[in-house]
**Student:** 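Quick one: structure below, then a few questions.
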Amino acid sequence: VNTAFGSLSGGQNAPDPSKIAYSSVFGGSGGHDIANAVAVDSAFNIYLAGETFSNDFPTTQGAFQRTFNGIDGFVAKVNLGPIVNVAVNSATNQQGIVPGSWLTIYGVNLADTAMDWSSADFSKGLPTTLGGVQVSINGQAAAIYYLSPTQINAQAPSGINSNVSVQVIHNGLASNIVTATGVQHAPGLFAYTLDSKTFYPSAVFLDGTIVGDPAVAGGTRKAKPGDRILLFATGLGPSPSGVLIPTPVAFGDPVAVMIGSTPATVEFTGLVAVGEFQINIVVPNLPPGNYPIVLQTDATSSQAGVVLPIGN
């Protein structure tokens, strides 16, 4: 880090420019400001220690000494601000952002702590500021459901187009802008896993019991032929943004559900919550086993890798 002695000027210690995530200039005009040590904490704040020959070296209110005395030592903390890596469909974790659907933003230093909107003020619509964080999508403020230092779940505004720009503002500091793909249909089936290998649909029976394999997830049960189960998805098509959904709204486009190669009977498809569709199906007559389950609408399919466990 000591550029005065050439350790970053070339050779084996020189950084690969393609791997630099952040860079900036720090110091005064004296020409010989030297950082002799650097450290990074878990929140990606940067700490520098060194010496300065500049009479205008930047200091902050409350610093131990703010007056230049010829040659001074310094310790500085640099708040990196938010960095966005990618924005994807919340259910599929893939590209495809539909107006009114849920998207997930991954990055670093996105928020101070983990929280959701349960304590937010809904008097003026869905919250667009949570824990000092805002999300801008194509210049529009997006509703935020959940945030943490590395993840934000937000609702895509209505009217977005094929190129979707996403930016996070954290305590007044703006992140870089990433571009995601906006589409009209990108069905994503909400799913859960306990081992990051087998993914079951986040589905329930009419009595509220969660669909799953009880040998893997206690309190769940496998579906049986003839059972009625409720599936949940996002991105089937555009939906209202920024407002609560007081009553279910039927989805007008045809929706098919394939369990393996066998179609299930779809009895209802509709928007039942913010950015969330419910699909009511009847399980077809199939022998016991784990079957891939896929939603299809407007020539698009939900993600692969979700299985429905069927028992006797």
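The first residue of the sequence shown is numbered 1, and numbering continues consecutively from there.
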**Student:** Within the distance-only criterion (no hydrogens, no angle test), does the side chain of Q155 pair as donor or acceptor with the backbone N or O of S101 below 3.5 angstrom?
**Tutor:**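 Here the side-chain-to-backbone pair does not exist.
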**Student:** So, does N89 use its side chain to make a donor-acceptor pair with the main chain of A186 at under 3.5 Å?
**Tutor:**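 Present.
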**Student:** Judged by modelled atom types alone, do N153 and T104 share a side-chain donor-acceptor pair under 3.5 Å?
**Tutor:**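 Judged by distance alone, the side chains do pair up.
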**Student:** Side chains of T300 and D298: do they bring a donor and an acceptor to under 3.5 Å?
**Tutor:**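 There is no such pair between these side chains.
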**Student:** If the plane angle is over 60° it's perpendicular, under 30° parallel, otherwise tilted; pick one for Y145 and W117.
**Tutor:**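 Y145 and W117: perpendicular rings.
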**Student:** Using modelled atom types and a 3.5 Å cut-off, is there a donor and acceptor pairing between side-chain atoms of S54 and backbone atoms of D56?
**Tutor:**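 Looks like no, no N/O pair under 3.5 Å.
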**Student:** What I'd like to find out is whether the side chain of L147 reaches to under 4.5 Å of the side chain of M115, using heavy atoms alone.
**Tutor:**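 They are in side-chain contact.
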**Student:** Transitively linked via ILVMFWY side-chain contacts under 4.5 Å: I310 with V306?
**Tutor:**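 Looking at the clustering, V306 is in the same group as I310.
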**Student:** Is there a side-chain contact (heavy atoms from CB on, under 4.5 Å) between V211 and L308? Walk through the geometry before answering.
**Tutor:** CA-CA 8 Å; V211 176; L308 179 70; 3.7 Å; yes
**Student:** Look only at the side chain of T193 and the backbone of S196, and say whether a donor-acceptor pair between them is shorter than 3.5 Å.
**Tutor:**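 Between the backbone of S196 and the side chain of T193 there is a qualifying donor-acceptor contact (under 3.5 Å).
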**Student:** Scan the side chains in residues 275-289 for donor-acceptor partners under 3.5 Å anywhere in the protein, sequence neighbours excluded, and list what turns up.
**Tutor:**
from: Q278; atom 1: NE2; to: N280; atom 2: OD1; distance (Å): 2.8

**Student:** Would you say L236 ends up clustered with L230 if hydrophobic residues are merged whenever their side chains have heavy atoms under 4.5 Å apart, either directly or through other cluster members?
**Tutor:**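 No, L230 and L236 fall in different hydrophobic clusters.
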**Student:** Locate the shortest heavy-atom distance separating L48 from A35; write the atom from each residue and the value.
**Tutor:**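 Between these two residues, the closest heavy atoms are CD2-CB, 4.4 Å.
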**Student:** May I ask you to check if R221 and F205 form a cation-pi contact, with NZ or CZ under 6.0 angstrom from the six-membered ring centre and within 45° of the axis?
**Tutor:**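 Cation-pi check for R221 and F205: passes.
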**Student:** Listed by chain and number, what are the side-chain hydrogen bond (donor to acceptor under 3.5 Å, both in side chains) partners of N138, not counting sequence neighbours?
**Tutor:**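 With sequence neighbours excluded, N138 shows a side-chain hydrogen bond (donor to acceptor under 3.5 Å, both in side chains) to S165, given in chain and number order.
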**Student:** State whether the side chain of W102 and the backbone N or O of G235 hold a donor-acceptor pair below 3.5 Å, judged by distance alone.
**Tutor:**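 Absent.
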**Student:** Once side-chain hydrogen bond (donor to acceptor under 3.5 Å, both in side chains) is applied, do any residues pair with S118, and if so which ones, sequence neighbours excluded?
**Tutor:**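 Scan of S118 (side-chain hydrogen bond (donor to acceptor under 3.5 Å, both in side chains), adjacent residues dropped) gives D116.
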**Student:** Once rounded to the nearest 0.5 Å, what's the spacing between atom CD1 of I97 and atom CD of Q95?
**Tutor:**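 I97 atom CD1 to Q95 atom CD measures 6.5 Å (nearest 0.5 Å).
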**Student:** Can you measure from CG (D227) to OG1 (T209) and round to the nearest 0.5 angstrom?
**Tutor:**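 Rounded to the nearest 0.5 Å, the CG-OG1 separation comes to 10.5 Å.
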**Student:** Would you please classify the geometry between the Y200 ring and the Y192 ring as parallel, tilted or perpendicular, with 30° and 60° separating the classes?
**Tutor:**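 Because their plane-to-plane angle lies in the 30° to 60° range, the rings of Y192 and Y200 count as tilted.
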**Student:** To check you understand the geometry: which heavy-atom pair defines the closest contact between P201 and L189, and what is its length?
**Tutor:**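 Heavy atoms only, the tightest pair is CB-CD2, 4.2 Å.
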**Student:** Hey, what do you get for OG1 (T220) to CD1 (I210), rounding to the nearest 0.5 Å?
**Tutor:**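 Rounded to the nearest 0.5 Å, the OG1-CD1 separation comes out at 7.5 Å.
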**Student:** Determine, step by step, whether D72 and E51 satisfy the side-chain contact (heavy atoms from CB on, under 4.5 Å) criterion, reporting the C-alpha distance in whole Å, the side-chain angles of both residues, the deciding distance to 0.1 Å, and the verdict.
**Tutor:** CA-CA 5 Å; D72 289 326; E51 55 191 285; over 6 Å; no
**Student:** Assigning hydrophobic clusters by single linkage (Ile, Leu, Val, Met, Phe, Trp, Tyr; side-chain heavy-atom cutoff under 4.5 Å), is I137 placed with V133?
**Tutor:**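 Yes.
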**Student:** Under 3.5 Å, which donor-acceptor pairs do the side chains of residues 240-260 form with other protein atoms, sequence neighbours left out?
**Tutor:**
from: S241; atom 1: OG; to: S158; atom 2: N; distance (Å): 3.0
from: S241; atom 1: OG; to: S158; atom 2: OG; distance (Å): 3.0

**Student:** Would you indicate whether the side-chain heavy atoms of P187 and Q296 approach each other to under 4.5 Å?
**Tutor:**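 Sidechains of P187 and Q296: no contact.
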**Student:** Between the main-chain N or O of T198 and the side-chain N or O of D195, is there a donor-acceptor pair closer than 3.5 Å?
**Tutor:**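 Yes, because the side chain of D195 sits within donor-acceptor range (under 3.5 Å) of the backbone of T198.
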**Student:** Do V38 and V75 sit in the same hydrophobic cluster, where Ile, Leu, Val, Met, Phe, Trp and Tyr count as joined when their side-chain heavy atoms come under 4.5 Å apart?
**Tutor:**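 No, it is not one cluster - the side chains of V38 and V75 are not joined through contacts under 4.5 Å.
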**Student:** In terms of heavy-atom contacts, does CZ of F64 have more than 12 from other residues, nucleotides or ligands at under 6.0 Å?
**Tutor:**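 Open.
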**Student:** I need the minimum non-hydrogen distance between I105 and V166, along with the two atoms involved.
**Tutor:**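 So the two residues come closest at CD1-CG1, 3.6 Å.
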**Student:** Would you tell me whether N69 and T67 have side-chain atoms, one donor and one acceptor, within less than 3.5 Å of each other?
**Tutor:**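 Note: N69 and T67 side chains miss the donor-acceptor criterion.
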**Student:** Under a single-linkage definition using a 4.5 Å side-chain heavy-atom cutoff for Ile, Leu, Val, Met, Phe, Trp and Tyr, are V272 and L206 assigned to the same hydrophobic cluster?
**Tutor:**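 The answer is no; the residues belong to distinct hydrophobic clusters.
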**Student:** Which atoms form the tightest heavy-atom contact between G311 and K222, and what is the distance?
**Tutor:**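 Scanning both residues completely, I find the closest heavy atoms to be N-CB, 3.7 Å.
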**Student:** When you measure from the side chain of S148 to the backbone of Q151, do you find a donor-acceptor pair of N or O atoms at a distance under 3.5 Å?
**Tutor:**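 Checking the backbone N and O of Q151 against the side chain of S148, a donor-acceptor pair under 3.5 Å is found.
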**Student:** Can you tell me how far OG of S29 sits from CG of N55, rounded to the nearest 0.5 angstrom?
**Tutor:**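 If we round to the nearest 0.5 Å, N55:CG and S29:OG are 6.0 Å apart.
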**Student:** Within this structure, what is the CZ-CZ distance for the pair R66 and F57, rounded to the nearest 0.5 Å?
**Tutor:**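 Taking CZ in R66 and CZ in F57, the distance rounds to 12.5 Å.
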**Student:** Step by step, work out the side-chain contact (heavy atoms from CB on, under 4.5 Å) result for V307 and F199.
**Tutor:** CA-CA 6 Å; V307 296; F199 290 81; over 6 Å; no
**Student:** Nearest 0.5 Å, please: how far is CD in Q65 from CZ in F74?
**Tutor:**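 It is 14.0 Å, given to the nearest 0.5 Å.
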**Student:** For S239 and G100, indicate whether the former's side chain and the latter's backbone hold a donor-acceptor pair under 3.5 Å.
**Tutor:**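 Yes, because the side chain of S239 sits within donor-acceptor range (under 3.5 Å) of the backbone of G100.
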**Student:** Considering all heavy atoms of both residues, which atom of Q134 and which atom of I144 are nearest to each other, and what is their separation?
**Tutor:**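 Where Q134 meets I144 most closely, the heavy atoms are CA-CD1, 4.0 Å.
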**Student:** Around atom CZ of R228, are there more than 12 heavy atoms of other residues, nucleotides or ligands at under 6.0 Å?
**Tutor:**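 Not more than 12 within 6.0 Å, no.
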**Student:** List for me each residue that meets side-chain hydrogen bond (donor to acceptor under 3.5 Å, both in side chains) alongside S162, sequence neighbours excluded, and say none if there are none.
**Tutor:**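 Result, side-chain hydrogen bond (donor to acceptor under 3.5 Å, both in side chains) vs S162: none returned.
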**Student:** Tabulate below the donor-acceptor pairs under 3.5 Å that side-chain atoms of residues 167-180 make, not counting sequence neighbours, or state none.
**Tutor:**
from: Q167; atom 1: NE2; to: S175; atom 2: O; distance (Å): 2.8
from: H170; atom 1: ND1; to: N109; atom 2: O; distance (Å): 3.0
from: H170; atom 1: NE2; to: D112; atom 2: OD1; distance (Å): 3.0
from: N171; atom 1: ND2; to: D112; atom 2: OD2; distance (Å): 3.2
from: S175; atom 1: OG; to: V168; atom 2: N; distance (Å): 3.0
from: S175; atom 1: OG; to: V168; atom 2: O; distance (Å): 3.3
from: N176; atom 1: OD1; to: V84; atom 2: N; distance (Å): 2.9
from: N176; atom 1: ND2; to: V84; atom 2: O; distance (Å): 2.9

**Student:** Heavy atoms only: give me the nearest A233-L295 pair and the separation to one decimal.
**Tutor:**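 Minimum heavy-atom contact is CB-CD1, 3.6 Å.
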